[in-house]
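Below, all heavy atoms of this structure are taken into account, side chains as well, without hydrogens, waters or symmetry copies.
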Amino acid sequence: MEKSEKLAMIRHSMAHVMAEAVLEIFPDAQIAIGPSIENGFYYDFDLPRTLTEADLLDITERMKAIINSDRKFVRSVVSRDEAKEVFKNQKYKLELIDSIPEGEEVSLYNQGAFTDLCRGPHVESTKDLNADAFKLLSVAGAYWRGDEKRPMLQRIYGTAWENPKELRLYLDHLADIEKRDHRKLGKELDLFSLHEEAGPGLVYWHPRGARIRQVIEDFWRKEHYENGYEMVYTPHVGKSWLWETSGHLGFYKDSMYPPMEMDNMDYYTKPMNCPFHIMIYQNSKKSYRDLPCRWAELGTVYRYEKAGALHGLMRVRGFTQDDAHLFVTPDQMEDEIIEVLRFSLHMLHSFGFNEIHAYISTKPEKSVGDVEKWNAATEALKKAVEKEGLKYDIDEGGGAFYGPKIDLKIKDAIGREWQLSTVQFDFNLPERFGLTFVDKDGVEKQPYMIHRALLGSIERFFGVLLEHYAGAFPPWLAPEQVAIIPVAEVANDYAKEIERKLRKDGIRTVSDLSNERMNAKIRKAQQMKIPYMLILGEKEMGAGTVSVRYRNGKQAFGLSYDAFLAEIKAKIESKEQL
RNA sequence: GCCAAAGUAGCUCAGUGGUAGAGCAGCUCCCUCGUAAUGAGCAGGUCGUGAGUCCGAUUCUCACCUUUGGCUCCA
């Protein structure tokens with residue numbers, strides 16, 4: 001048996017054991033569902049009162065007792081009526097029984113005092129579970145069937161493994177995630193802040209964070225120019241006419257900031273940049289000779305995200321998309337898609353993301369645009385992905401109503417997936433705005449329009465980068481690349497001299513002339529995760545050299561200034577991690 | 001928006017029905033030091049906001065705001 005199947009069985013069985021334990025404490029509890037999930041399991045309950053930390057300990061102890069009592073998991077197949085009789089006091093189970101398709105058999109699993117409606121499979125006996133290889137993690141609210149109109153249940157999350165060692169590894173992994181939390185690092189490294197009193201979900205970039213953002217944006221612009229894009233700038237607000245035409249006021253209004261009234265007109269802050277880029281397109285009549293238009297903008301947009309959805313930099317209300325729109329002829333479409341994908345991968349690789357997975361989403365049932373276009377676009381997406389040799393999954397029918405898309409997800413340093421790039425066809429806006437170009441044959445035709453963002457949003461991308469590197473940015477991104485640390489006051493002038501030279505040579509440098517001890521300065525620089533420290537004392541002054549302490553603790557003594565400069569420049573140039 | 005927890009000094013946190021404390025950071029002084037914290041002193045808080053109970057509320061109650069973990073949605 002595959003390990004993943006075995007773990008799923010263990011976790012699913014754990015969920016049943018947990019349900020039994022909960023029922024021991026709350027005999028009248030209504031039980032909902034309890035599946036295995038990635039890394040663990042959960043079970044949803046409708047309970048007479050809110051669970052506390054103490055309850056979790058109590059449940060844990062009871063679970064251990066159940067596991068150690070060697071109860072068999074016994075499967076039985078019953079009729080619907082029999083099942084309904086068994087669960088006559090369990091309204092959620094009754095609903096589930098009714099939702100089982102006709103013809104599918106209804107099975108129960110029983111262990112000890114607990115019987116659950118369940119497809120299985122399960123381990124043979126509770127003794128196949130390890131009482132020291134699970135942990136209940138948290139209680140959270142969850143709607144019955146994920147529907148916010150239905151009752152809110154209490155969900156207990158747990159993690160379960162084959163043995164205590166695996167559990168330990170997983171708990172260490174959770175601790176690692178916590179250590180890398182971009183909100184924590186953002187504070188520690190003085191990169192950004194959010195201010196509840198000034199508006200939730202709005203980001204303030206501090207000098208050190210802004211430095212990194214600047215490096216990202218400069219690189220982004222340079223690459224875009226090199227790859228045939230032009231930059232545009234567009235306004236932050238637009239009259240309601242624009243959003244009515246685009247359809248946003250019809251489909252997207254709930255996610256937009258409310259209107260501002262001026263001169264009897266409603267103005268909306270933009271939740272997307274597309275209508276503005278379309279205005280530029282429409283400013284003049286386009287010939288096939290003008291296409292493709294590749295227009296990019298670091299466009300700051302505002303969206304009303306539900307309060308509960310806000311999360312650090314990952315989910316905010318104001319953010320900057322690294323947006324671009326491509327207006328292309330049908331002939332150009334395929335090559336352009338291949339090119340966009342190649343470009344995306346190049347960008348992601350540059351930032352140190354090398355494990356990339358593609359997800360193609362195809363035509364949903366309700367859609368606009370004719371089938372031929374959908375097919376051509378979808379084929380182009382597949383071709384592009386295959387050409388790059390990317391692993392990909394297809395989400396059949398998972399596209400937006402207005403066009404198919406590719407999403408790229410990267411894996412970070414600790415194996416978590418993040419969606420960054422997205423390439424999205426749009427058959428809707430060209431129609432709504434009546435976009436055309438004059439083809440060779442003199443006939444006006446509709447161009448293909450492609451939205452794409454490579455990094456997604458700068459805020460979110462920054463958050464992902466921060467967690468990926470755990471704050472220890474590679475030299476090319478580090479807000480401060482060199483910290484100069486004089487051993488004692490006598491070396492301060494020499495420190496200033498070296499700082500001036502480095503700054504002049506384009507190296508981001510700070511020097512610490514405070515009257516702390518050298519050790520304290522090193523500690524400070526180390527905590528700020530500055531990649532290079534130059535320790536300058538009488539020896540260096542005398543010889544006109546520098547001594548380097550690298551972020552990883554290694555040291556090099558007596559380097560000439562030029563040798564050090566060459567070394568750091570090479571690192572920056574290569575974008576390597578130190 | 002819903003469920004739960006939380007909000008005390010710039011940060012991390014302790015604490016109490018009789019208007020608060022630590023460490024770090026900050027400031028001052030001392031130290032001038034060779035690879036992760038020299039030492040001493042000072043200053044810093046209307047205890048998230050508003051109401052209620054009470055002789056008295058940071059502490060108890062309620063409402064609101066915000067944050068966190070989830071649900072939903074997504075970049």
Side-chain angles (χ1 to χ4, degrees), chain A residues 42 44 46-47 49-53 137-157 178 181 183-184 187-188 190 193-201 252 254-255 271-272 301 303-323 400 407-409 418-422 424 451-464 483 485-492 513-528 533-540 547-551 553-557:
Chain A
Y42 69 80
D44 287 346
D46 198 343
L47 301 173
R49 66 169 174 83
T50 302
L51 291 169
T52 62
E53 285 293 313
L137 297 173
S138 62
V139 185
Y143 296 103
W144 168 234
R145 304 219 134 172
D147 181 346
E148 51 186 294
K149 296 194 179 55
R150 320 260 343 230
M152 173 70 70
L153 307 173
Q154 294 191 66
R155 175 173 297 177
I156 305 178
Y157 281 99
E178 207 177 314
D181 191 314
R183 294 165 300 181
K184 189 166 167 283
K187 221 177 248 181
E188 288 171 3
D190 195 17
S193 57
L194 293 127
H195 299 270
E196 51 181 82
E197 70 276 24
Y252 205 75
D254 288 349
S255 297
M272 292 179 185
V301 298
R303 298 183 186 175
Y304 177 77
E305 296 289 350
K306 288 182 187 175
L310 299 176
H311 178 85
L313 295 179
M314 301 302 189
R315 193 139 202 101
V316 293
R317 285 187 175 156
F319 60 98
T320 301
Q321 291 181 307
D322 72 312
D323 212 355
D407 292 326
L408 298 183
K409 291 191 185 177
W418 301 95
Q419 191 204 313
L420 298 178
S421 310
T422 181
Q424 167 88 58
H451 311 264
R452 50 107 278 197
L454 305 186
L455 311 180
S457 95
I458 300 289
E459 285 74 7
R460 187 179 136 89
F461 181 72
F462 184 73
V464 173
I485 297 173
V487 174
E489 211 171 321
V490 285
N492 280 5
L513 306 182
S514 65
N515 63 354
E516 296 280 1
R517 301 181 74 189
M518 179 198 65
N519 283 358
K521 294 180 186 180
I522 288 175
R523 182 159 192 270
K524 236 180 223 170
Q526 199 77 49
Q527 281 173 333
M528 295 312 269
M533 279 167 248
L534 293 186
I535 313 290
L536 305 180
E538 286 181 331
K539 289 179 206 159
E540 288 75 16
S547 289
V548 189
R549 180 190 162 97
Y550 300 91
R551 185 168 55 197
K554 286 191 183 144
Q555 299 170 26
F557 298 93

> Between A5(B) and A43(B), how far is it from one C1' atom to the other, in whole Å?
Replying inline: 34 Å
> At under 4.0 Å between heavy atoms, what does E305(A) touch on the DNA or RNA strands: base, sugar-phosphate, or nothing?
Replying inline: base
>> Base, sugar-phosphate or nothing for L310(A)? Non-hydrogen atoms, less than 4.0 Å.
In response: sugar-phosphate
> Base, sugar-phosphate alone, or nothing: which one does M152(A) contact when heavy atoms must sit under 4.0 Å apart?
Replying inline: base
> What nucleic acid atoms does T50(A) come within less than 4.0 Å of, heavy atoms only: base, sugar-phosphate, or nothing?
Replying inline: sugar-phosphate
> Which heavy atom in L313(A) sits nearest to a heavy atom in E459(A), and how many Å separate them?
Replying inline: CB-O, 3.5 Å
> Which part of the nucleic acid, if any, lies within contact of V490(A), taking any heavy atom under 4.0 Å across all strands shown: a base, the sugar-phosphate backbone alone, or nothing?
Replying inline: nothing
> How would you label the contact of A520(A) with the nucleic acid (heavy atoms, under 4.0 Å): base, sugar-phosphate, or nothing?
Replying inline: sugar-phosphate
>> Any base atoms under 4.0 Å from F557(A), or only sugar-phosphate, or nothing? Heavy atoms, all strands.
In response: base
> Expressed in whole Å, how much space separates the P atoms belonging to U8(B) and A36(B)?
Replying inline: 34 Å
> NA contact type, E538(A), heavy-atom cut-off 4.0 Å: base, sugar-phosphate, or nothing?
Replying inline: base
>> If I compare all heavy atoms of P200(A) with all of R317(A), which pair ends up nearest, and what's the gap?
In response: CG-NH1, 3.6 Å
>> Side chains of E516(A) and K524(A), heavy atoms from C-beta outward: is any pair under 4.5 Å?
In response: yes
>> Let me spell it out: for each of G201(A) and A142(A), pick the nucleotide of RNA chain B with the closest heavy atom. Which residue's pick is nearer the 5' end?
In response: G201(A)
> Base, sugar-phosphate alone, or nothing: which one does S547(A) contact when heavy atoms must sit under 4.0 Å apart?
Replying inline: base
> Base, sugar-phosphate alone, or nothing: which one does Y157(A) contact when heavy atoms must sit under 4.0 Å apart?
Replying inline: sugar-phosphate
>> If I pick the P atom on G26(B) and the same atom on U49(B), what distance separates them, to the nearest angstrom?
In response: 27 Å
> When we call it a touch if two heavy atoms are under 4.0 Å apart, what does G537(A) touch: a base, just sugar-phosphate, or nothing?
Replying inline: base
>> Within this structure, what is the CG-CG distance for the pair L408(A) and L420(A), rounded to the nearest 0.5 Å?
In response: 8.5 Å
> Closest nucleotide of RNA chain B for R183(A) versus for G146(A): which of these residues is on the 5' side?
Replying inline: R183(A)
> Rounding to the closest angstrom, what is the interatomic distance between G56(B) and G70(B) at atom C1'?
Replying inline: 40 Å
> Starting at the 5' end of RNA chain B, what dot-bracket string do you get if Watson-Crick and G-U pairs under 3.5 Å are bracketed, crossing pairs use [ ], other-strand pairs use | and unpaired bases use dots?
Replying inline: (((((((..((((....[..)))).((((.........)))).....(((((..]....))))))))))))....
> Atom CD in Q526(A), atom CZ in R551(A): separation rounded to 0.5 Å?
Replying inline: 8.5 Å
> What integer number of Å spans the C1' atoms of A9(B) and G21(B)?
Replying inline: 10 Å
> Between atom CG of L534(A) and atom CD of E540(A), what is the distance when rounded to the nearest 0.5 Å?
Replying inline: 9.5 Å
> Do the charged groups of D147(A) and R145(A) touch, with an N to O distance under 4.0 Å?
Replying inline: no
>> If you define the side chain from C-beta out and look only at heavy atoms, does anything of Y143(A) sit under 4.5 Å from L153(A)?
In response: no
> Between G52(B) and A57(B), how far is it from one C1' atom to the other, in whole Å?
Replying inline: 11 Å
> When we call it a touch if two heavy atoms are under 4.0 Å apart, what does R155(A) touch: a base, just sugar-phosphate, or nothing?
Replying inline: sugar-phosphate
>> Please give the distance between the C1' atoms of A20(B) and G15(B) as a whole number of Å.
In response: 8 Å
> Do the side chains of L455(A) and V464(A) get nearer than 4.5 Å, heavy atoms only?
Replying inline: no
> To the nearest 0.5 Å, what is the distance between CZ (R155(A)) and OH (Y42(A))?
Replying inline: 4.0 Å
> On a whole-Å scale, what distance lies between the P atoms belonging to A40(B) and U58(B)?
Replying inline: 35 Å
> Just checking K521(A): base, sugar-phosphate only, or nothing, at a heavy-atom cut-off of under 4.0 Å?
Replying inline: nothing
>> Classify G312(A) by what it touches in the nucleic acid, base, sugar-phosphate, or nothing, heavy-atom distance under 4.0 Å.
In response: sugar-phosphate
> So how far is it from T422(A) OG1 to K409(A) NZ, rounded to the nearest 0.5 Å?
Replying inline: 11.0 Å
> From the 5' end of RNA chain B to its 3' end, which nucleotides mark the outer limits of contact with chain A, defined by a 4.0 Å heavy-atom distance cut-off (strictly under)?
Replying inline: G1(B) to A75(B)
